[in-house]
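Here the structure comes first, spelled out in structure tokens, and everything after it is commentary.
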Amino acid sequence: MKMNKQLYSLGLVMCFAFAKAYSQQFTETLLSREQAVELMLENNYGIKIAKNTTEIAENNAGILNSGYLPSLQGTASASYDDTDSTTDFDGALDASGVPRTNIEINDAETRQYNAGIALNYTLFDGLGRLYNYKRLKEQYSLSKLDARATVENTTLQLMSVYLEISRITENLRVFEQTLEISKKREERAQYQFEYGQVNKLEVLNARVDINTDSVNVLNTRQQLRNSKRDLNLLLNRDLTSDFKVDTTIVLQNLLKVDSYLEKVSENNIRLLQSASTLQISDYDIKTSKALLLPNIGLSGSYGWNQTDSPSSAFFPATTRTSGSLRVGATLTWDIFDGGRSITGLRNAKIAFKNEEFFKKQVEQEVGRDIANAKGNYTNALAIYRMQQQNVLTNNSNFERTEEQFKLGQVSSIEFRQAQVNLLNAKTIENLAKYDAKLAEYQLLQLAGQLLNIPL
């Protein structure tokens, strides 16, 4: 009997030694919520992509892409010609009556150089350039809103995983405390059995409960490791990095949350995005109207030319240089382009109406989401308060049952039931607490305040 007990105890010691060594193979450091957000903003791939997209939109909205600057084009060319020629006079006589000698010229080199610069500027294009520039500016603003939405969604996802780690961490403490109680109970039952105060069944029941509690601890530790890997993935760092989290939860005052909800129209990201998209559609209409108006353009150019000509049979070698300056204005008006401009304008107006409908739909959806989120938050707070009271009740019941168990007034089954009830009450309270905090984050995101308050 003692040998079995020793083997059993040795197995438990080895099991927990392995679990403890595995869980502490890396040095744990505290990772606060603020530090987690900083790492996310710095390393998360989705946020990096959103920042780069915003930078592209900023470049597109710059003066260099506005069409307001003139175009300046420079050209230059050079040519070379090497010619051999023979002038045959065919027996013709010169002025003195002497037959003229044929003239042969070899390697007659001709060089020509040209350079020019041309300037073109659109003076008026029906205001299309103006509205296109405003459209690009608005697209840049929309891109910043999209980046903010990415940050908000990623932050909410990060906090969800962080809270899950906190919940599992607290559950692990509860399971470990329960296991310690079960070990002490098994030890007490073993002594009582050795002195003939209880039968073997009490010892076996205690060991069965130890096994159950040990499995709970091992499973919870594995859940904790998995959740930490999920967080490391969001932070784009080594998946094996170990850390501790802050399990302190401070819930916002409901009145303060209500004050945030009063400014939803100014801060909700979906409403702001839909308003920006509607403005872009309005600029599309005005840009399409510009196609129906004439274009006035200014142009100017300067050219320089030099030609070096070799001597010929009748002329000496010459060098000819010239320069020219040209200034002009053009008016272009597509009086009828087959109806493409009119069709584009009609489609732009229809697209604008669609964006108006979409904006109203978003407003309804946001109103519904906020009502649901506030209801979920209020309900979660109520459940959390109830579970807090439930823990107090179960803890009081457990303490009384434990005293009675020590006095032999209740059975081990009744004691175990009180222990399990307390365990369940604590884990459910943890779940309710972190569910309430997550519901608060979700409500603050809809209010547009998730990035503006301490997490």
On a heavy-atom basis, which atom in A380 and which in A439 lie closest, and how many Å separate them? CB-CB, 4.5 Å

Taking atom types as modelled, is there a side-chain donor on Q157 or N153 under 3.5 Å from an acceptor on the other? no

List the atom pairs, donor and acceptor, that lie under 3.5 Å between side-chain atoms in residues 256-264 and the rest of the protein, sequence neighbours left out.
from, atom 1, to, atom 2, distance (Å)
D258, OD1, K374, NZ, 3.0
S259, OG, K256, O, 2.4

More than 12 non-hydrogen atoms from neighbouring residues, nucleotides or ligands closer than 6.0 Å to CG on L30, yes or no? yes

Could you check whether atom CD of Q409 has more than 12 heavy atoms from other residues, nucleotides or ligands sitting under 6.0 Å from it? yes

May I have the step-by-step check of salt bridge (Lys or Arg N to Asp or Glu O under 4.0 Å) for R148 and E152, ending in yes or no? CA-CA 6 Å; R148 175 185 153 188; E152 283 188 1; 3.0 Å; yes

Atom OG1 of T155 and atom CG of L450: how far apart are they, to the nearest 0.5 Å? 6.0 Å

Pair E363 + K359: basic N to acidic O under 4.0 Å: yes

What I'd like to find out is whether the side chain of K349 reaches to under 4.5 Å of the side chain of F352, using heavy atoms alone. no

Parallel, tilted or perpendicular: which fits the ring planes of F398 and F415, with parallel below 30° and perpendicular above 60°? tilted

Less than 4.5 Å apart, side chain to side chain, heavy atoms only: is that true for R185 and N205? yes

Are V37 and L158 packed together at the side-chain level, in the sense that at least one heavy-atom pair is separated by less than 4.5 angstrom? yes

Step by step, would you call T277 with E355 a side-chain hydrogen bond (donor to acceptor under 3.5 Å, both in side chains)? CA-CA 7 Å; T277 304; E355 290 300 334; 4.9 Å; no

Cation over ring, K353 on F357, under 6.0 Å and within 45°? no

Nearest 0.5 Å, what's the CD-CZ distance between Q273 and F358? 8.5 Å

Could you tell me whether E176 and R221 have a side-chain N and a carboxylate O separated by less than 4.0 Å? yes

Measure from the side-chain N and O atoms of T178 to the backbone N and O of V174, and report whether any donor-acceptor pair falls under 3.5 Å. yes

Neighbour count >12 (heavy atoms, 6.0 Å) for atom CZ, R346: no

With sequence neighbours left out, which residue pairs that include part of residues 130-143 fulfil the salt bridge (charged side-chain N to carboxylate O under 4.0 Å, His left out) condition? R135-D284

For L41, is there any backbone N or O sitting under 3.5 Å from a side-chain donor or acceptor partner on K51? yes

Out of curiosity, L163 CG to L438 CG, how far, rounded to the nearest 0.5 Å? 6.0 Å

L423 and F175, any side-chain heavy atoms less than 4.5 Å apart: yes

Would you please test E440 and K437 for salt bridge (Lys or Arg N to Asp or Glu O under 4.0 Å) and show each step? CA-CA 5 Å; E440 178 187 291; K437 190 61 179 178; 2.7 Å; yes

Could you walk me through whether Q419 and I181 satisfy the side-chain contact (heavy atoms from CB on, under 4.5 Å) test, starting with their C-alpha distance in whole Å, then the side-chain angles of each, then the deciding distance to 0.1 Å, before giving a yes or no? CA-CA 9 Å; Q419 185 184 25; I181 293 174; 3.4 Å; yes

Looking at side-chain heavy atoms only, is the closest gap between Y377 and Q252 below 4.5 Å? yes

Counting C-beta onward and ignoring hydrogens, is there a side-chain heavy-atom pair between R173 and T169 closer than 4.5 Å? yes

Using a distance-only test with no angle check, is there a side-chain donor-acceptor pair under 3.5 angstrom linking Y441 and Q445? no

